[in-house]
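Computed from a predicted structure; not experimentally measured. We name chains A, B, ... by the order of the sequence lines, and we start the count at 1 in each one. The analysis underlying the following values was restricted to heavy atoms, covering all of them including side chains, and did not include hydrogens, waters or symmetry mates.
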There are 2 protein chains.
Amino acid sequence: MTVINKYDCVLCKDKSCAVAILTPDELKLLTGNCSEVELKRGDTIFKAGSLTTHIVYLKTGLVKESLIGSNKKEQIIQLIKAHSYLGLSSMLGYKTNHYSYKALEDLRVCYIDSTVFKQLVQSNGKFAFEILVSVSRENLNNYHRCVNKSLKQMYGRFADAMLYFSQVIYESNTFDLPITQNDLAALTATTRESITRTFTKFKNEGIIELNGKTITILKMDLLENISKTG
Amino acid sequence: MTVINKYDCVLCKDKSCAVAILTPDELKLLTGNCSEVELKRGDTIFKAGSLTTHIVYLKTGLVKESLIGSNKKEQIIQLIKAHSYLGLSSMLGYKTNHYSYKALEDLRVCYIDSTVFKQLVQSNGKFAFEILVSVSRENLNNYHRCVNKSLKQMYGRFADAMLYFSQVIYESNTFDLPITQNDLAALTATTRESITRTFTKFKNEGIIELNGKTITILKMDLLENISKTG
DNA sequence: TTGATTTGGTGATGTACATCACATTTTGTA
DNA sequence: TACAAAATGTGATGTACATCACCAAATCAA
């Protein structure tokens with residue numbers, strides 16, 4: 001993990017929509033309490049249970065958000081793309097983080113002192129409003145996907161995952177799967193073996209193409225239908 | 001549904017912690033854009049898909065929050081106790097409500113114009129902060145319970161539901177189940193038949209007592225253990 | 001380059017739980 | 001009070017998917 005020369009948040013090209021609203025004075029305060037760091041693929045950013053002394057803003061890269069259930073099984077909540085905060089709800093609602101965060105690619109992140117962040121929320125209602133909107137959307141989306149896990153059965157959940165990568169994460173019909181099949185099982189609440197079997201089935205039916213880690217969706221409408229019917 | 005004589009939000013004894021923070025001017029604005037209504041058990045407050053023109057604050061009573069999946073199955077997200085807002089995340093993040101709300105008891109609610117509510121968030125950072133904290137906590141709690149549905153199996157989820165009623169909703173070892181076994185199935189992601197069977201099993205094992213709708217938890221530690229081991 | 005570790009593929013087997021099909025009891029209402 | 005509708009109880013049956021067991025392929029580390 002490499003700390004980068006600190007530069008002014010005003011000039012930062014990766015800053016969040018919320019931070020863009022801050023006044024010059026507030027931006028100065030932020031700059032003084034923010035440090036940029038580079039992380040490598042596979043690095044843990046922070047773990048569930050850690051104190052929320054800092055909030056992390058993801059400038060570039062892809063991150064896995066997950067938790068371990070009481071039965072020791074991992075559950076992946078979402079993948080987080082650049083220009084998002086990690087663990088906002090935990091930081092705002094509690095003293096400890098509820099989820100763990102791991103780098104799926106090399107990352108650039110900013111660590112922001114959480115006291116300063118909360119201070120900014122309280123001093124600038126428009127900033128607070130932007131944060132509220134993004135927290136609300138993120139939570140509704142996550143919840144929606146979580147509900148589907150107990151409402152749909154395996155093929156439907158698998159289709160959901162493929163659509164998630166294609167439409168939300170990469171916005172393309174072709175993409176390289178950034179996680180292992182084990183992780184894919186943790187994302188779709190099933191087992192690694194079932195993922196393998198579903199891959200071969202979907203390949204055989206010409207719904208998707210799979211070359212190594214590269215997935216191409218051939219029949220999008222069929223995939224969406226499988227997602228709907230569960 | 002009965003509209004009550006409007007009285008000043010300043011004098012309201014059921015106002016939220018967030019509203020208690022507002023300035024006299026802001027409270028005046030709220031009073032002018034808020035109306036209290038009485039609803040009967042079984043009434044629908046609003047449905048998923050409706051426009052978020054108003055936000056509803058629950059003054060007294062118990063509410064069921066739910067959604068219908070694409071496979072037509074209902075899923076209950078949570079029961080909401082007095083002194084909470086209904087559908088805050090939807091109102092803040094989107095133009096339409098994502099969940100439906102139904103009265104499990106007779107209710108008293110306030111309808112607040114959502115434009116005014118958003119205005120208050122933007123004009124008062126401390127108010128916004130309180131809202132942010134409650135949205136964050138509610139979402140983390142809901143998500144946690146949702147994750148357990150796909151991580152644990154039936155007895156564990158049933159135990160979770162019993163603990164939810166006992167510890168979160170009623171804060172007592174004895175309580176009257178406010179929902180049918182059908183609803184209980186929708187809350188625990190199982191079927192009505194399985195709920196019945198689990199009831200008889202837990203009764204026979206002396207974990208709970210069931211008289212009509214009245215449930216008494218006899219072995220709390222055992223129930224917590226079942227919840228943990230799934 | 002080699003051996004170790006992680007990841008991925010596939011069959012055989014078991015089981016948790018849904019589904020179906022009724023009977024019975026309770027609740028709401030005409 | 002009586003009848004319909006909703007809610008509950010319980011068995012028989014089926015199946016989706018986990019689990020186990022083992023092998024092959026890819027990746028990593030020395």
Side-chain angles (χ1 to χ4, degrees), chain A residues 40-43 64 69 71-76 102 104-105 148-161 176-204 208-215 226 229-230, chain B residues 40-43 64 69 71-76 102-106 148-161 176-204 208-215 226 229-230:
Chain A
K40 288 277 162 210
R41 190 165 89 88
D43 284 354
K64 175 178 98 172
N71 53 4
K72 309 288 178 197
K73 279 186 202 159
E74 186 186 22
Q75 171 98 212
I76 297 179
K102 204 168 176 182
L104 295 177
E105 303 169 352
N148 278 340
K149 281 179 204 164
S150 45
L151 239 34
K152 295 179 186 179
Q153 51 197 52
M154 219 186 54
Y155 296 147
R157 300 196 310 261
F158 184 89
D160 280 348
D176 282 7
L177 200 64
I179 55 175
T180 66
Q181 294 197 11
N182 240 321
D183 274 353
L184 200 52
L187 183 67
T188 52
T190 180
T191 57
R192 204 250 323 147
E193 293 92 324
S194 293
I195 291 290
T196 301
R197 282 185 246 270
T198 310
F199 260 127
T200 45
K201 184 179 157 69
F202 279 39
K203 261 193 302 188
N204 290 339
I208 59 170
E209 200 180 283
L210 181 64
N211 285 326
K213 284 276 183 189
T214 308
I215 292 173
I226 295 169
T229 56
Chain B
K40 288 275 162 213
R41 191 165 88 89
D43 284 354
K64 175 178 98 172
N71 53 4
K72 310 286 178 200
K73 279 185 202 161
E74 186 185 21
Q75 171 98 212
I76 297 179
K102 205 169 177 182
L104 295 177
E105 303 170 351
D106 292 352
N148 279 338
K149 281 180 204 163
S150 45
L151 239 35
K152 295 179 187 180
Q153 51 197 50
M154 220 184 54
Y155 295 146
R157 299 196 309 261
F158 183 90
D160 279 347
D176 281 8
L177 200 63
I179 56 175
T180 66
Q181 294 196 13
N182 240 321
D183 275 352
L184 201 52
L187 183 67
T188 53
T190 181
T191 58
R192 205 251 323 149
E193 294 91 324
S194 293
I195 291 291
T196 301
R197 281 185 246 271
T198 310
F199 261 127
T200 44
K201 185 180 155 69
F202 278 40
K203 260 194 303 189
N204 291 339
I208 59 170
E209 201 179 283
L210 180 64
N211 284 328
K213 284 275 182 190
T214 308
I215 293 173
I226 294 169
T229 56

Whole-Å distance between C/dG9 P and A/Ile195 CD1? 11 Å
Please identify each residue that fulfils side chain to side chain contact (heavy atoms under 4.5 Å, CB included) with A/Asp183, with sequence neighbours left out. A/Lys64, A/Glu74, A/Ile76, A/Ile179, A/Thr180
Atom pair distance, as rounded to whole Å: CG in A/Leu210 and P in D/dA25: 16 Å
Reading nucleotides 16-30 of chain C from 5' to 3' and marking B where a protein heavy atom lies under 4.0 Å of the base, S where only the sugar-phosphate is that close, and - otherwise, the string is SSSBB-------S--
Using the C1' atoms of the five pairs at each end, what is the angle between the end axes of the helix from C/dT1-D/dA30 to C/dG28-D/dC3, to 10°? 60°
In this structure, how many angstroms lie between the C1' atom of D/dA26 and the CG atom of A/Asp176, rounded? 16 Å
All side chain to side chain contact (heavy atoms under 4.5 Å, CB included) counterparts of B/Thr190, not counting sequence neighbours: B/Met154, B/Arg157, B/Ala185, B/Thr188, B/Ser194, B/Ile195
Can you name the side-chain hydrogen bond (donor to acceptor under 3.5 Å, both in side chains) partners of B/Asp176, sequence neighbours left out? B/Thr214
Not counting sequence neighbours, which residues clear side-chain hydrogen bond (donor to acceptor under 3.5 Å, both in side chains) with B/Lys201? List them please. B/Glu205
Of the residues in residues 177-185 of chain A, which ones touch DNA chain D at a heavy-atom distance under 4.0 Å? none
Which residues share a salt bridge (Lys or Arg N to Asp or Glu O under 4.0 Å) with A/Lys40, sequence neighbours left out: A/Asp106
Could I get the full list of side chain to side chain contact (heavy atoms under 4.5 Å, CB included) partners for B/Thr229, not counting sequence neighbours? B/Asn225
Partners meeting side-chain hydrogen bond (donor to acceptor under 3.5 Å, both in side chains) with B/Thr196 (sequence neighbours left out): B/Gln181
With B/Glu193 via side chain to side chain contact (heavy atoms under 4.5 Å, CB included) - residues at least two apart: B/Thr191, B/Arg197
Please enumerate all residues that pass side-chain hydrogen bond (donor to acceptor under 3.5 Å, both in side chains) together with A/Asn182, with sequence neighbours excluded. none
So B/Phe158 and B/Phe202, would you call those rings parallel, tilted or perpendicular, with 30° and 60° as cut-offs? perpendicular
